[in-house]
Structures are given as structure tokens and as C-alpha cells.
Q: 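Please see the structure below; I have some questions.
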Amino acid sequence: MRVIQQSLLAWYDTNSRDLPWRITSDPYKILVSEIMLQQTRVETVIPYYHRFLESLPNIKSLANIDDQTLLKLWEGLGYYRRALNLKRTAQQIVNQLNCSFPSSAEEWEKLPGIGRYTAGALGSIVNGEQTALVDGNVKRVYARMFNIELPVNEKNGEDAVWDIANNLVPAGRPGDYNQALMELGATVCLSRNPSCSICPVISHCKAFKLGIQDKLPARKKKKSVPQRTAASAIIQREEKFLLLQRPTNGMLGGLWELPTVIIPHLDLKYQEIEAIFDSQLNLKIKIIKLEASARHAYTHFKIHNLAFSSQLIAQDSRERLRHPYKWIDKDQISGFPVHVVQQKLFAQLFDSQQKLSLQ
DNA sequence: AACTCGGGGTC
DNA sequence: GACCCAGAGTT
């Protein structure tokens, strides 16, 4: 075994954090952790991880859960497609693989929601296979260690890191080595102000030798994101209001919200917004008054979401709605998975006493 | 290769 | 504001 690998493993043995998915060898639990950790920080995942496994302790319980319960467990974690794909993976393991988990990265990667990184993680950690993995941490560590100048968010740079990772993953303790690499990136080889003085592999780091660790890894800049405006309708009937479910295919799929449309800009006349509700949702309403407003930033656009108290005009229009819907009491909201912009609106509408006393 | 798909922490 | 995080899937 090479010096880099020995140094990193020795460092990992005494400096690794006590993360909940590291004290188990249950493939199911490790699978759940890896999916949750995609593009999501360790500290964010931990409470979700515990709650998820408490409700769904094994692969069969996940395979059989209904989507609404599943999404409620995922609520606030983001990238909700991950949860639905994870369930599909569980179903394939139960029904097609007879409850036996894949035995290699190649087999893992055939399952939905498991790409190159996650397959490498599961192959090495669960199966003990000598297989590499590259995530944001590994890109940063290796880009600095080997002075990779190519942008790591483009194919060339990514391939360069994968080549190094494939060459360096050891036959012994591949799972620990891969985790050590990520642990180093998460706690020492930080994006900003890396703690080079305590780095166990500082003597192997080209960037440190050149004093350019702050300039690596190189990334191609992303373009700025557009601003969008949305209008939501608070439509009350007796003590209840109308909630719609978003289509499972698109963004925030399967989650619930007030009837909501995208509008071209902020200062449309009420009449014009009403026409958009009609054409987009088949919902004929009369807007009464602005009640709440929330802003939110997604990865590829920003949104300003307004909420208007409204009246339903055509009583039968609900029968032609393009989405699943429910009339619910405000106390029932907590039973539905709701995305964060709408949570912000609900907080303004219901949590403060002066607002919307419901008729 | 570019785009879609969340949310939150950080500076 | 911009950047980034144990990325994957689609076009």
C-alpha cells in the first residue's frame, strides 16, 4: 500500500466523526444514508436519517410505503425525486433480487437514483469492493493534491479526478479509504481556508507546495439565475381551503401547495392573474386581497411567491382541476408534504394571530 | 455539454 | 448576493 493511502487511513482511524451510518453494516441503512447525502450536508441529513429509519426500518417497509408518507419523511430535504427513486430501488431489490442487495458497484448502478458516485460508495463500503468514488470533497482533495487545473465541474476535470481516484483506491479497506478522502475534504481540506497545517497528506500536496491551495479546484462559473414570480390563491369554503398536489414528474413532484401559477411580473392587474389561474389550472376565481409574500432561491431560478385571498366563482370548476386536490382545515396541513416556499406562506397566514381569521 | 432538480449554511 | 454541499437523470 502506498504512503498516501496509509497516511490517510491512519488519520481516519483516529480523526473520523461518529456518523450514524458508520456504526452499521446494514446495506439498507447505508443505502438510505448515501441517497440522502447526495448534494446534502452531513449535518442536514442526520435528523432525517434517524426519523426515516425509525419509520422505515428495513428494505421491505420502504418498498411498501405509500408515496405521501415517504415524501412527508423527506419534506424539507429537497430533491424529492431521490425519495421516489429510492423507493423504486427498494422495490426492485425486494421483488427482482429476492431481497438480496447488489454485490458490486456495477450492479448497484443499475438501480434508479444510483449513479457513478453512489455506486462507488456502496460497492466499496457495503461490498468491500476495490472501487473508487468521486464527490465534491474528492474533487477538491485530488485537484489540490495533484494540481489539476481543469475545471472540476466540466467533463475533462471530472474525468481527471476519476482517473486518479481509480488508480489510488486500495485493495484493502477501500470503503474506509473512500470515506477518509471525503472526511478529509469535509473537515481539513476545506473549500475556504483549508487547515493545511494539520493535514495528514500535506507532504504529498502539490497545491500546498506551490502555495495555490486557495485557487483550486478550478470551476467554470455558472450563469446567474432568472427571477420568477408566482401567485397562489387562498380559496376558502366553510372552514377549509383548497390544496393542490403537484404532478409527480416535475419539480417538487408529489408535494402539496395552494393553487399556484407562474405570472410574468409582479404588477399584473388582479383580472390578468385570474385569467392565468383559469388557463393554467382550470380554476375560475376572483382575487380579493394580497395576504402574504415569500421569497425563495432554487438552484436554477429565484421565486417571489404572492398569496391572495380569493373566491371560487364557478362552483363546479373543482371537477375540472388538472391536479389532485383536497379541501383541508388548516390544522391538517401538517399531514401533507409541503415545499418550503409554501411553508413560508402558511407561516405568515396561520401562525400570526392577526392574519386570516378564516372568514 | 447543458439543463433540471431543493434547501440551507457560509462568507 | 455567490458558492458549495457524500449527484442523478434527461435532453
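Computed from heavy atoms alone, side chains included, the values below leave out hydrogens, waters and symmetry copies. Residue numbers begin at 1 in each chain, while the letters A, B, ... track the order of the sequences.
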Q: Counting only side-chain heavy atoms from C-beta out, which of B:dG6, B:dA1, B:dG7 sits nearest to A:Lys155?
A: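 Nearest to the side-chain atoms of A:Lys155, counting from C-beta on, is B:dA1.
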
Q: Are A:Phe277 and A:Phe308 close enough that their ring centres sit under 6.0 Å apart?
A: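 No - the distance between ring centres of A:Phe277 and A:Phe308 does not fall below the 6.0 Å cut-off.
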
Q: Considering only NZ, NE, NH1 and NH2 on the basic side and carboxylate oxygens on the acidic side, decide whether A:Asp18 and A:Arg22 come within less than 4.0 Å.
A: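 A salt bridge is absent here (no side-chain N lies under 4.0 Å from a carboxylate O).
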
Q: Would the A:Tyr325 and A:His323 ring centres measure less than 6.0 Å apart?
A: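 Not close enough - the centres of the two rings lie 6.0 Å or further apart.
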
Q: Determine, for A:Glu75 against A:Lys72, whether the closest basic-nitrogen to carboxylate-oxygen distance falls under 4.0 angstrom.
A: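 Yes, charged N to carboxylate O under 4.0 Å.
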
Q: So what does A:Met182 hit on the nucleic acid, given a heavy-atom distance under 4.0 Å: a base, only sugar-phosphate, or nothing?
A: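 A:Met182: base contact, heavy atoms under 4.0 Å.
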
Q: Taking only the P atom of each, what is the distance from C:dG1 to B:dC5 in whole angstrom?
A: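 22 Å, rounded to whole Å.
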
Q: At less than 4.0 Å, is any side-chain N or O atom of A:His339 found next to OP1 or OP2 of B:dG7? Yes or no.
A: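 A:His339 to B:dG7 OP1/OP2: no side-chain N or O under 4.0 Å.
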
Q: Ring of A:Tyr79, cation from A:Arg82 - is the NZ or CZ under 6.0 Å from the centre and inside 45° of the axis?
A: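 Relative to the ring axis of A:Tyr79, which defines the angle, A:Arg82 lies outside at least one limit.
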
Q: Closest nucleotide of DNA chain C for A:Ser33 versus for A:Arg81: which of these residues is on the 5' side?
A: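 This one resolves to A:Ser33.
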
Q: For a quick check of understanding: with a heavy-atom distance under 4.0 Å over all strands, which category does A:Arg140 fall into, base, sugar-phosphate or nothing?
A: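 Answer is sugar-phosphate: A:Arg140 comes under 4.0 Å of backbone atoms only.
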
Q: Confirm from the modelled atom types if A:Thr40 and B:dG6 form a donor-acceptor pair under 3.5 Å, side chain to base only.
A: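 By the distance-only test, yes, there is a pair.
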
Q: Restricting to side-chain hydrogen bond (donor to acceptor under 3.5 Å, both in side chains), what partner residues turn up for A:Tyr80, sequence neighbours left out?
A: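 So A:Tyr80 forms no side-chain hydrogen bond (donor to acceptor under 3.5 Å, both in side chains) with any residue.
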
Q: If each of A:Lys223 and A:Gly76 is mapped to the nucleotide of DNA chain B with the nearest heavy atom, which maps nearer the 5' terminus, i.e. the 5' end?
A: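 The answer here is A:Lys223.
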
Q: Parallel, tilted or perpendicular: which describes the rings of A:Trp74 and A:Phe52, with under 30° parallel and over 60° perpendicular?
A: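 Judged by the thresholds at 30° and 60°, the geometry between A:Trp74 and A:Phe52 is perpendicular.
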
Q: Quick one: how far along DNA chain C does chain A reach, first to last nucleotide 5' to 3', anything under 4.0 Å to a heavy atom?
A: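 Endpoints of the contacted stretch of DNA chain C: C:dG1 to C:dG9.
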
Q: Considering only nitrogen or oxygen atoms on both sides, find all protein atoms under 3.5 Å from nucleotides 9-11 of chain B and state each distance.
A:
none

